Every structure is written in structure tokens, then in C-alpha cells.
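Notes follow the structure.
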Amino acid sequence: MGIFTNPSSPSFTRALHIKDRFLQSFDSLKQLKHVHSQLIRIGLDQENYLLNLLLRSSFDFKDTHYTRLVFHQTHEPNVFLWNTMVRGLVSIDCFKDAIASYASMRREGFSPTGFTFPFVLKACARLLDFRLGLKLHSQVVKLGFSCDVFVNTSLVSLYAKCGYIEDALKVFDDIPNKNVVSCTAIITGLIGVGKCREAIDMFRKLLEMDLVPDSFTLVRVLSACAVIGDLKNAETGMSRNVFVTTSLVDFHAKCGNMERARLLFDEMGEKDIVSWSTMIQGYASNGLPKQALELFHNMLDHGLKPDCYAMVGALSACARLGALELGEWASSLMNIDEFSINPVLGTALIDMYAKCGSMTKAYDVFKGIRAKDRVVWNAEISGLAMNGHIPAAFAVFGQMQKYGIPPDGNTFVGLLCGCTHAGLVNEGRQYFNIMVRILSLAPTIEHYGCMVDLLSRAGLLDEAHQLIKSMPMEANAVVWGSLLGGCRLHRDTQLAEHVLKKLVELEPWNAGNYVQLSNIYSASHKWDDAENVRSLMGERGMTKLRGCSWIEVCGIVHEFLVGDTSHPLSEGIYSKLSELDKDLRAAGYVPTTEYVLFDIEDEEKEHFLGCHSEKLAVAFGLISTGPAEVIRVVKNLRVCGDCHEAIKLISKITGREIIVRDTNRFHCFSGGTCSCKDYW
DNA sequence: CTAGGGTTAG
């Protein structure tokens, strides 16, 4: 910029004529503003050509205030300035502003050019404003741009994004000189609506036209084929930009290969908010919530503001961990206007609050979502059911019908779960009938699972067993597991033996099944069978299942394993436990090994009952939170029967409210009883 | 103004 040090010299004016170089290469807004003031000083601030370049550069800094200042400074803006304005606004994702700018341009009497349309059309596509898109299409025709490959490519994308794939195909077919870009638009559109076969055919046509596909198209097509091996080969010679690599990261995440995804992510030179969100979401949906949150923090450290996608990823991670404080903190980062919250983000929030046992807040979010789609309703219903608010769940279902939202299979999964947790056998049968007979929805294995669960818990073990046999599909481990739960609750070891044999077949990797089966054999003195199961476990290299519980205190998630002594406050925790033990025994509590038969944690001695992970987490909660705070614990397995009895009494002795979420449901302990009414 | 398409979510 040395050339500008003496602006009065004639070299300054000359320099401005090679301005493209300068005006496009500003590192800071300050530099740009400096040049702007120089222009004003020498009276060149009314040259539209120069202002246009200045305007274009100003968008690099996303300062719309300054951008408008530049624009409004011109006394007579020309069509190029208007175009630059529209394009710039689109480039910084201000789609509504871009459309407003386009409207002003039209009001001022300017005709759009071939350069204008692609950008306004993109704004429409991103806002899914199909009506305006149609209007623009007719203008395109009227003004004679219907052969323009650029304009039509944008139209293809608009139609595809708004879900009108047939129209997109029609426009695409009429493009006389198709190129890679227009082919990409239609291929992406086809994949977007799940027409992978057609997308692949289109890709073949592209090759037949002797067009060279870019890496991005290759990634999309290969993802559509899910040809992992091929992709690996293709990856090596691929040119990488942020779009391509982010797609690759997403692809590997979707295949469950998080190591590969992370490797690509770390190697990326430029990461944008989408790359971060994709990676966070990848962790969250692959059951790695801690990593998801770690990366979320990492992103904030890089000075990036989370967008909706990153938020959804973080929230679903919090939901899984039961980390209410973290979830609330995350959502506070984003200025969520309760009335404009989008349904996807809303659902994630409802889910997070529901899984953290905070249904009042979930309901507030639910009320605030204007555009409630079916998923939102379903999330609210299953949230209520999961938290034991069964009448409320039924009421919301009634509302849903009143609003004319047709329920789907998931709605009934929520309702049936509610029936199960409340032991409402007749209501459950009714809902199942409504679904099948009246709404003609085909029950999935999940629905059968709920019904089996419902019947088993109510002690109707034969009926449940019959239902399994009559199912049109093969029963899976979840269904058999439900029946096993009933056997446990009603102490039917004979049926349990049969069920466990099935389960060992179905999930040979699940150590819990072997442990329970061998426990049952031992209890019925079938020592040989017990020994066989044990040695089978050894042969298959089974490792013990370790129970694991989490508790969040002051925004930090603490993890406990069975008999864990690794926590810094371990001593305090154990002395609290022995103190509690005395109080418990004084209150008439006798540790029971009765449950050990069905225990999936491979620990048989009374000693270990004292230090199951959930008890450790509760004890830690007691010594590290204030007396009025609710203690929330999450366990990765079913809560152990003995611990359940103990925690009931702990809640009575200490007067604290304790909420334990296990794999199945919430247990809200208060005053010596549990919300599950010992029914789980 | 020499463009246009394309990546993430409940």
C-alpha cells in the first residue's frame, strides 16, 4: 500500500487504474476504509466503477453497515452496483436482504441481467421461497435468458431444493449446452430427494458427454453408491476444497468411521463452520457425546460462533450424557428467539430437556415453536411418556390430532412407552389397535417390543411370549430383552433360561447375557451348565461389562466405574458411603443378593453392591452439591435392583431429590419412593 | 460484476 502514501501525486490516480489488484487484496476493513477516504479526498467517490470494486471488497468483511454506507453514497447507482449488492449479500448468507435489495433494484426501474438471476435464485433456494422463484422464472423467460446455462443451473437447483425434482429435470433437459456445473446441480438434487439410482445414471451421462467430474460430484455419487472401497481409491487423486473435504468427513462419519473422519478433519487447511458442525454431529450421532462436546468447546476456542447445526449436535450430546447445565449453557450461547426457533433445533432442545428430566422446560420450548411438525409433536409426547407424565402425553396426543397432524409409527412408540411405564395394559392394547386397525400403520418391531414390554411387566409372560411367536418378523434382542425384564421382575427363572439362550445366540458379543445365564444355572444348581457358559465366555474373549455412571456438577461431567477409586475426591465419597451404610442399616435396609441373579454386572459379593457406579455418583453428588439441588445421575446400564432399594432410602434419609436415568427410563427418588413404583 | 452448482441437523 506504499503507493498511497502521497495521495496528491499523480501516481495515485494512475494507481487507481490498476485498482483491481489492490481493491481485491485487502487484509483488513481498516485498509479498505482508508482507501475509501482517499477516494473521497480526491473526488473520485462518484466513479461507479471504482465504487463497485470497493463495494465488492467490503463484503469480505461481513460488515453490512459499512457496505450499505458505500452503496448509498452513490448518487446514481447503476445496474452493476445493484448486482454487486445482491451478489455480496448472498455471499454472506443474508438472503432476505439480498431479495429486498433485488426488489429495490426493480422498483428503481432496473432490468435484471444474466448476472443478477443466479444470485437472487440462490437466495430463493436457500430460503425455500418457491413462490418468488416461480415469479423469477417467468421473468427469466420474458427477458430472454431461458437459454443461459448460468441462469438455468440456478433454476435447476432452486426447483430441486424446493422438492420439485420433476421441474428441475425439465429445466435441466432444456439447457442446450450443459456443463459440469449444471450436471452437478441435478445430481445433487436427485440425491437430495433420495433418487440415488437416477443420480448415478445422470453421472454416467455426464461421463458420456466427455465432461470431467469434479471431486465434489465424485464424492456425492460414490456416497450414493456407498462404494467405500472405490471411494478410497478415488480419494487419493482428488482435489480438495472445503466442500469436498467436508463431504468426505460427513461420508466417513455416516459410515461410522470416526477415526478416518477425524484424520481428514484435522488435515483440513481451511475449516469453516460447516466442517466443524459436521464433525461435531458425526461424534454425536456415533454415540461419542464427550468427544462431540470437546470439539464444540474447541470450536468456540477458535472464535467461531456455533450455528444451528453445531448446536443440534452439542444438544444431542448433552441429551445423551444427561448434562442439563451444559445443554442450557450451550443453548444460551445462541440467541434463541423463542418465536422463531426452527423445528429441528426445537426438537433437539425438547429432547435434551426431556432426557435430563426437565419436562417443564421442554414444554416451554415446545410452546414456543411456531411451525410444529410431526417430529416436534412426537418428541414432546415421548418426552412426557419417558418422564412418567402419562396423562399429559395422552393429552398432547389429543392436541396433535386436533391440529390435524397425522400421527406416525413414532408417535405410537411414544404412547406405548408411556403405557408401559405406567402399567396401563388396556390403554396400550387400545393404542396398538388404533394404529393397526384404524390408521392402517404397519407395526414395526419397535411396536412389538413395546407391547411385549408392557405385557411382561404386568406379569402376562405367556401372552408376551405368544406375541413374540406370532410376530411377522424375527424377534430381535430388544424384544427378547423385554421379556427377560418381565422374567426378572416376576422371578420366572425357567422362562428366563429359555430367553437368555436366545439372547446368547442373537448377541454373542454381549457379556451381560452370559453372566445372567450362568447366574441362573448356578442358582438352580446346574453347575455344569454354569461352568460351560463361563468357559464359552472365556473362549469368545468376553470382557466383563462395566457399569458406568455420570454426574454433572458445575458444568463438569464426572465418570464413575464399579469400585472406582480414581476420582480425586474418592476418599470423601467412600466415607460418605460408609456413613450412609450405617444410616441405611439403622433404617432397616438389608443388602440383597437376590437381584444378583439377574445382574449384568459381573460382581456377586455384597461388598460390590456397596460401590456400584450409580451409588458412587450419588455419594459424590451428596458431598459436592448444595442441599436444595437435585442430584442427576445417568447410568449406561439398567440400574441395579439393590442400588434401587438403597437410593430410595437415601432419598428419605437425606431429604434429597435424586434422579437416576438408566438405559430404560427415569427413576425420580424422593422421600423414600421412586417414580417408577418399582416397576422397571 | 465474467458468474452458475455443491457440504452439516431433530
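Note that this is a predicted model, so its numbers are computed, not measured.
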*asked:* Whether the Thr278(A) and Thr246(A) side chains hold a donor-acceptor pair (N or O, under 3.5 Å, no angle test) is what I'd like checked.
replied: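 Note: Thr278(A) and Thr246(A) side chains miss the donor-acceptor criterion.
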*asked:* Looking only at side-chain N and O atoms, does Asn152(A) offer a donor or acceptor that is under 3.5 Å from a partner on Asp174(A)?
replied: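 Side chains of Asp174(A) and Asn152(A): no pair found under 3.5 Å.
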Just to be sure I understand the rule, does [X] reach a base, reach only the sugar-phosphate, or reach nothing, if contact means heavy atoms closer than 4.0 Å?
X	answer
Asp214(A)	base
Phe119(A)	sugar-phosphate
Ser277(A)	base
Asp148(A)	nothing
Asn378(A)	nothing
Val79(A)	nothing
Asn83(A)	base
Val156(A)	nothing

Measure from the side chain of [X], starting at C-beta and using heavy atoms only, and say which of [options] lies closest.
X	options	value
Lys122(A)	dC1(B), dG5(B), dT8(B)	dG5(B)
Val274(A)	dC1(B), dG5(B), dT7(B)	dT7(B)
Lys254(A)	dT8(B), dT7(B), dT2(B)	dT8(B)
Phe80(A)	dC1(B), dT8(B), dG5(B)	dC1(B)
Asp250(A)	dG6(B), dG10(B), dT8(B)	dT8(B)
Val181(A)	dG10(B), dG6(B), dG4(B)	dG4(B)
Arg87(A)	dG6(B), dA9(B), dA3(B)	dA3(B)
Ala185(A)	dC1(B), dG6(B), dG5(B)	dG5(B)
Val149(A)	dG4(B), dA9(B), dG6(B)	dG4(B)

Side-chain-base donor-acceptor pair under 3.5 Å for [X] and [N]:
X	N	result
Thr278(A)	dT8(B)	no
Asn342(A)	dA9(B)	yes
Thr153(A)	dG4(B)	no

Quickly work out the [X] [atom1] to [N] [atom2] distance and round it to whole Å.
X	N	atom1	atom2	answer
Asp93(A)	dT8(B)	CG	C1'	13 Å
Asn179(A)	dT2(B)	CG	C1'	14 Å
Glu270(A)	dT7(B)	CD	P	16 Å
Phe296(A)	dT8(B)	CZ	C1'	14 Å
Phe110(A)	dC1(B)	CZ	C1'	14 Å
Ile273(A)	dA9(B)	CD1	P	14 Å
Phe203(A)	dG5(B)	CZ	C1'	15 Å
Leu315(A)	dA9(B)	CG	P	15 Å

[X] side chain N/O closer than 4.0 Å to the phosphate oxygens (OP1, OP2) of [N]?
X	N	result
Lys178(A)	dG4(B)	no
Arg56(A)	dT2(B)	yes
Ser157(A)	dG6(B)	yes
Gln281(A)	dG10(B)	yes

*To the nearest 0.5 angstrom, please state how far the OG atom of Ser154(A) sits from the CG atom of Leu136(A).*
10.5 Å
*Drop me the distance from Glu198(A)'s CD to Ile191(A)'s CD1, to the nearest 0.5 angstrom.*
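Here the rounded value is 11.0 Å.
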*Are any of the side-chain nitrogens in Asp364(A) or Lys367(A) under 4.0 Å away from the carboxylate oxygens of its partner?*
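Salt bridge flag = yes for Lys367(A) with Asp364(A).
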For residues 86-101 of chain A, please give each side-chain donor-acceptor pair under 3.5 Å, one per line with the distance, not counting sequence neighbours.
from     : atom 1 : to       : atom 2 : distance (Å)
Ser91(A) : OG     : Gly88(A) : O      : 2.6

*Start with the C-alpha distance between Tyr403(A) and Trp377(A), add both sets of side-chain angles, then the distance that settles ring pair (Phe, Tyr, Trp, His ring centres under 6.0 Å), and finish with yes or no.*
CA-CA 11 Å; Tyr403(A) 278 86; Trp377(A) 287 95; 5.6 Å; yes
*Would you please determine if the base of dT8(B) is stacked by Tyr309(A), with stacking meaning a centroid separation under 5.5 angstrom and planes under 30 degrees?*
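Base of dT8(B): stacked against Tyr309(A).
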